[in-house]
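Note sheet for the following structure.
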Amino acid sequence: MRDVTTTRSAARVPATDAPVARVLPLLGVPHLDREFDYLVPESLSAEALPGTRVRVRFAGRLVDAFLLERAAESGHRGELAWLERVISPEPVLTPDLLRLVEHVARRWVGMRSDVLRLAIPPRHATAEKTVPEAAPGPGALPGPVELPVGWSDHPMVARFLEAVTGGLPARAVWTAPPGRDWASALAALADTIRRRGLQVLVVVPDQRDVDRLTAACREIVGGGVAGRDLVADLSAGVGPSARYRRWLRAVRGHARIVVGTRSAVFTPLPEPGLMILHDDGDDSFVEPRAPYPHTRDVATLRSSLDGTPLLLTSVDRTPEIAELVRAGWAHEIRPEPGLVRSLAPRVVATTDLDPGQARDVAGGRTRLPAVATAMAREAIDVDAPVLVQVPRKGYIPTLLCGSCRTPARCRRCHGPIRAGRMDAVYGPVELACGWCGAPETGFRCVACGSRALRAGVVGAGRTAEELGRMFPGVRVRTSGGGEILESVPAEPAIVVSTPGAEPVAEGGYGAALLLDSWALLGRPDLRAVQDALRLWLGAASLVRTASAGGRVFLSADSELPVSQALVRWDPQGWAVRELADRAEVGFPPAVHLVAVDGPAEALADVIVDLPLPEGVELLGPVDLPAGEELPSHESVEDPERVLLRVPPPLLDHVATELRAMVVGRSGRRHTAPLRVRLDPVHIG
């Protein structure tokens with residue numbers, strides 16, 4: 001619809017009170033990511049409030065913008081243009097949200113306009129008319145806090161809830177015990193806060209988790225109309241109109257429990273009681289759009305800025321969370337002693353029983369060792385389903401030690417060794433580091449000393465068919481890809497699932513077989529082992545307890561620290577050791593890695609012109625890792641990457657210099673694209 005101004009320019013009269021509006025146009029251009037002053041006509045003065053969406057004329061065209069503040073006068077010496085229109089009188093950009101947006105843009109070297117597009121959903125006028133106006137809530141109610149249902153075996157949660165309802169910036173970490181339904185546990189916790197008169201925001205990785213947690217929350221608040229009114233789910237899958245309507249219900253205080261995916265972390269709440277982020281190790285929390293912030297880091301930043309209490313939960317423990325606990329920024333909510341051991345299944349790693357079979361599994365010469373076959377048959381004999389986890393196809397081939405299959409790493413920066421080409425007779429040739437580009441002329445494995453190399457591959461396409469032949473008469477089902485099962489009944493069956501798509505079994509699985517573990521561990525990625533443990537724990541937690549006959553088979557060497565973490569069910573201890581190991585070699589989260597991607601000529605300017613303080617190490621340039629591409633710039637041939645290894649105290653300084661460089665290039669109309677990413681999940 002064509003925009004129509006309220007009055008002609010000659011008839012406009014400036015507002016009598018604060019006639020100057022400071023506006024942030026959504027232009028998407030780095031050097032124009034700043035405020036501009038406009039005159040507010042008296043006819044729009046009542047609606048042109050800070051935080052509202054407006055439309056202004058910029059360089060001869062009408063553009064959308066946010067009104068940040070009103071002022072009595074402007075520092076601009078020339079004539080000011082008029083504010084053309086107030087799109088909506090709804091003040092969606094609150095002061096706290098604006099401050100968070102500015103910090104996110106500054107830290108991740110981005111534009112505020114890009115962050116605002118992530119934080120605030122597009123407007124739908126009909127939705128604004130159907131949602132009732134905001135009503136003052138009861139606020140935090142006095143009195144002791146009741147212990148949530150199902151949390152009696154976590155005595156520390158009572159003190160945490162007292163701090164939350166008392167208005168303190170409490171921050172805690174909780175690792176779900178094996179077999180515990182995390183959705184029901186978080187729903188009970190959220191309902192306790194809701195009944196105290198406060199709102200709860202829960203952020204989960206994907207739509208599947210949103211549906212599961214929303215159902216649990218609506219059931220615990222009473223179901224029916226109450227469940228629909230009190231619990232709002234925010235995700236892109238519901239459509240733009242419904243999402244904006246539900247977002248407004250949260251912003252206006254009607255929805256008391258808000259569940260959503262990564263962009264929901266920005267949702268402003270009038271009565272915030274608690275923010276929960278579940279499963280921070282999931283890659284879905286990495287925003288694929290500029291400036292590429294990680295949801296976990298946005299949540300911790302928001303908690304630091306406005307004091308919103310924060311609870312970080314998962315079935316595993318990432319080194320990033322271990323660092324928060326080590327630094328005392330967050331405290332751990334521990335269960336009663338012995339609880340985890342009593343709920344965990346019995347885990348058997350390959351070499352606990354037969355080293356020969358372990359070598360067969362790693363080399364791909366047998367699909368299912370005898371011990372795993374026996375576990376599956378025992379579970380089927382007691383009418384229990386069996387879960388078989390197989391790595392997803394399509395992992396990028398990497399180079400492994402030909403003897404022990406440890407990933408080949410650079411001696412200079414510990415990046416992955418890559419081969420320029422593969423020779424059928426001589427194997428990989430032209431070896432070089434994928435991060436710093438240093439050639440590798442004398443590879444020797446750091447684990448066993450072998451000089452042999454092999455390519456890491458995955459071959460799991462016929463798993464379901466093979467198991468069907470091995471277990472005639474037993475139903476074989478698959479979950480993953482385009483068809484994901486939500487649950488399976490308590491009956492004899494074999495469920496073949498890709499990691500993360502495991503359905504819940506009624507009464508728990510009798511056994512879980514975690515196959516091709518070497519394929520997960522051998523990926524050329526800093527977080528390969530971390531991701532593998534997370535996926536194993538997620539599958540193993542669906543298995544019955546050891547006392548009820550639950551068994552887990554892991555096709556990985558039992559002497560590996562990650563295998564021991566699963567056998568002992570100790571993700572916290574593994575994360576602490578992993579954090580120490582990364583600090584020793586200079587990996588996140590002990591340091592920050594900033595990736596700058598672009599064509600060779602643009603990166604050459606970065607290397608020469610960027611002033612780096614002492615202590616910042618520059619690695620590269622190297623070819624852009626396989627699977628990565630510069631968005632909207634498919635025409636760029638042979639893009640490259642430069643890595644900056646930055647100590648945490650220097651991050652703000654380096655981010656400021658990088659932003660100045662990006663803004664300067666934009667102002668000089670450089671067309672060669674540059675992309676800056678802080679701590680990318682896939683470094684190379």
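When reading the values below, keep in mind they use all heavy atoms of this one structure, side chains included, and skip hydrogens, waters and symmetry mates. Along the sequence shown, the residues carry numbers beginning at 1.
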Nearest 0.5 angstrom please: [X] [atom1] to [Y] [atom2], how far?
X      : Y      : atom1 : atom2 : value
Thr214 : Ile257 : OG1   : CD1   : 9.5 Å
Arg346 : Ser547 : CZ    : OG    : 13.5 Å
Glu287 : Tyr292 : CD    : OH    : 9.5 Å
Ser314 : Arg534 : OG    : CZ    : 9.0 Å
Leu514 : Leu535 : CG    : CG    : 9.5 Å
Leu513 : Leu467 : CG    : CG    : 8.0 Å

For the backbone of [Y] and the side chain of [X], can you confirm whether one donor and one acceptor N or O come within less than 3.5 Å of each other?
X      : Y      : value
Gln389 : Thr498 : no
Asp679 : His592 : no
Arg475 : Pro492 : no
Ser342 : Leu339 : yes
Thr261 : Pro205 : no
Arg171 : Ser303 : yes
Arg256 : Val231 : no

Given Leu312, which of Thr175, Leu277, Val325, Asp279 fulfils the side chain to side chain contact (heavy atoms under 4.5 Å, CB included) condition?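 Looking at Thr175, Leu277, Val325, Asp279, the match for Leu312 under the side chain to side chain contact (heavy atoms under 4.5 Å, CB included) is Leu277.
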
Using a 4.5 Å cut-off on heavy atoms from C-beta on, say whether the side chain of [Y] contacts that of [X].
X      : Y      : result
Leu161 : Ile193 : yes
Arg544 : Tyr509 : no
Arg246 : Asp233 : yes
Ser479 : Glu502 : no
Val200 : Ile276 : yes
Trp574 : Arg317 : no
Pro503 : Glu486 : no
Leu301 : Asp297 : no

Minimum-distance pair of heavy atoms, taken over all atoms of [X] and [Y]:
X      : Y      : result
Leu201 : Thr267 : CD2-O, 4.3 Å
Ala188 : Pro148 : O-CB, 3.8 Å
Leu147 : Ser152 : CD2-CA, 3.6 Å
Pro391 : Leu520 : CG-CG, 4.1 Å
Thr165 : Leu198 : CA-CD1, 4.2 Å
Arg527 : Pro588 : NH2-CB, 4.3 Å

Relative to Trp569, does Arg341 satisfy both conditions: NZ or CZ under 6.0 angstrom from the six-membered ring centre, and within 45 degrees of the ring's axis?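 Not satisfied by the 6.0 Å and 45° rule.
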
Looking at Phe285, is Arg262 sitting on its ring face, NZ or CZ under 6.0 Å from the six-membered ring centre and within 45 degrees of the normal? no

Between Arg409 and Val446, is the side chain to side chain contact (heavy atoms under 4.5 Å, CB included) condition met? List the steps. CA-CA 8 Å; Arg409 290 286 179 178; Val446 296; 5.9 Å; no

Neighbour count above 12 (heavy atom, 6.0 Å) for Arg568 CZ: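 Result for CZ/Arg568: open.
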
For atom CD of Glu491, decide whether the heavy atoms of other residues, nucleotides or ligands shown that lie under 6.0 angstrom number more than 12.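 Yes, CD of Glu491 has more than 12 neighbouring heavy atoms, counting only those of other groups under 6.0 Å.
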
Going by atom types alone, do Trp108 and His294 pair a side-chain donor with an acceptor below 3.5 Å?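 No donor-acceptor contact under 3.5 Å links the two side chains.
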
Under 3.5 Å, is there a donor-acceptor pair linking the side chains of Arg243 and Ser263?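 Ser263 and Arg243 do have a side-chain donor-acceptor pair below 3.5 Å.
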
State whether [X] and [Y] are salt-bridged, where the test is any N-O pair (Lys NZ or Arg NE/NH1/NH2 against Asp/Glu carboxylate O) under 4.0 Å.
X      : Y      : value
Arg196 : Glu271 : no
Asp96  : Arg302 : no
Arg180 : Asp153 : yes
Arg326 : Glu323 : yes
Arg577 : Asp581 : no
Asp381 : Arg377 : no
Arg194 : Asp191 : yes

Test salt bridge (charged side-chain N to carboxylate O under 4.0 Å, His left out) on Asp229 and Arg218 and set out the steps. CA-CA 9 Å; Asp229 290 345; Arg218 286 177 175 165; over 6 Å; no

Applying ring-ring contact (aromatic ring centres under 6.0 Å, His included), run through Trp174 and Trp182 and close with a yes or a no. CA-CA 10 Å; Trp174 176 62; Trp182 62 266; 9.3 Å; no

For His103 and Leu305, what are the C-alpha separation, side-chain angles and deciding distance, and is it a side chain to side chain contact (heavy atoms under 4.5 Å, CB included)? CA-CA 9 Å; His103 277 77; Leu305 290 174; 3.7 Å; yes

Trace of the side-chain hydrogen bond (donor to acceptor under 3.5 Å, both in side chains) decision for Ser235 with Gln207: CA-CA 7 Å; Ser235 59; Gln207 185 64 50; 2.5 Å; yes

Trace of the side chain to side chain contact (heavy atoms under 4.5 Å, CB included) decision for Val348 with Val552: CA-CA 6 Å; Val348 177; Val552 175; over 6 Å; no

Kindly determine whether Leu521 and Leu560 satisfy side chain to side chain contact (heavy atoms under 4.5 Å, CB included), including the steps that lead there. CA-CA 11 Å; Leu521 297 175; Leu560 294 175; 3.9 Å; yes

Sequence neighbours excluded, which residues qualify as side-chain hydrogen bond (donor to acceptor under 3.5 Å, both in side chains) partners of Asp280? Arg296, Thr318

Does Ser555 form a side-chain hydrogen bond (donor to acceptor under 3.5 Å, both in side chains) with Ser517? I'd like the steps, not just the answer. CA-CA 6 Å; Ser555 62; Ser517 300; 3.2 Å; yes

In chain order, what residues pass the salt bridge (charged side-chain N to carboxylate O under 4.0 Å, His left out) check against Glu578, with sequence neighbours excluded? Arg582

Could you go through Asp306 and Thr308, starting from their C-alpha distance and side-chain angles, then the distance that decides it, and tell me whether this counts as side-chain hydrogen bond (donor to acceptor under 3.5 Å, both in side chains)? CA-CA 6 Å; Asp306 60 22; Thr308 301; 2.7 Å; yes

